[in-house]
S.K.: 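Starting off with a structure, shown below.
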Amino acid sequence: MHNFYLGNTGKAVAQLLLTVIGWILIIGPAVAGIWGLVEGILILCSHYGSQWHRDAQGVELQD
């Protein structure tokens, strides 16, 4: 859900579909969960000016 908030709707929809449709393959929700967790950690640990410290429009995130 963090990708919706940051304006990365393409990635957000991909994660959502992987979770919802991935139940057919059983592993889909686990992959989406790990993907979201890793991105969340990268966002929280990012430094000013890095790619992970910006939203989809290039605006710096506020701490």
S.K.: Kindly indicate, with the supporting measurements, whether the criterion side-chain contact (heavy atoms from CB on, under 4.5 Å) is fulfilled by Tyr48 and Leu61.
M.R.: CA-CA 8 Å; Tyr48 184 81; Leu61 300 176; over 6 Å; no
S.K.: Enumerate, atom names and distances included, each donor-acceptor pair closer than 3.5 Å involving a side-chain atom of residues 21-32, sequence neighbours excluded.
M.R.:
| unit_1 | atom_1 | unit_2 | atom_2 | d |
| --- | --- | --- | --- | --- |
| Trp23 | NE1 | Thr19 | O | 3.2 |

S.K.: CD/Gln15 to CG/Asn8 distance, rounded to the nearest 0.5 angstrom?
M.R.: 9.5 Å
S.K.: If you compare all heavy atoms of Leu6 against all heavy atoms of Asp55, which two are closest, and at what distance to 0.1 Å?
M.R.: O-CB, 3.4 Å
S.K.: Run the side chain to side chain contact (heavy atoms under 4.5 Å, CB included) test against Trp52 and tell me which residues pass, sequence neighbours left out.
M.R.: Lys11, Glu39, Leu42, Ile43, Ser46, Ser50
S.K.: What are the two closest heavy atoms between His47 and His53, and how far apart are they?
M.R.: O-CB, 3.3 Å
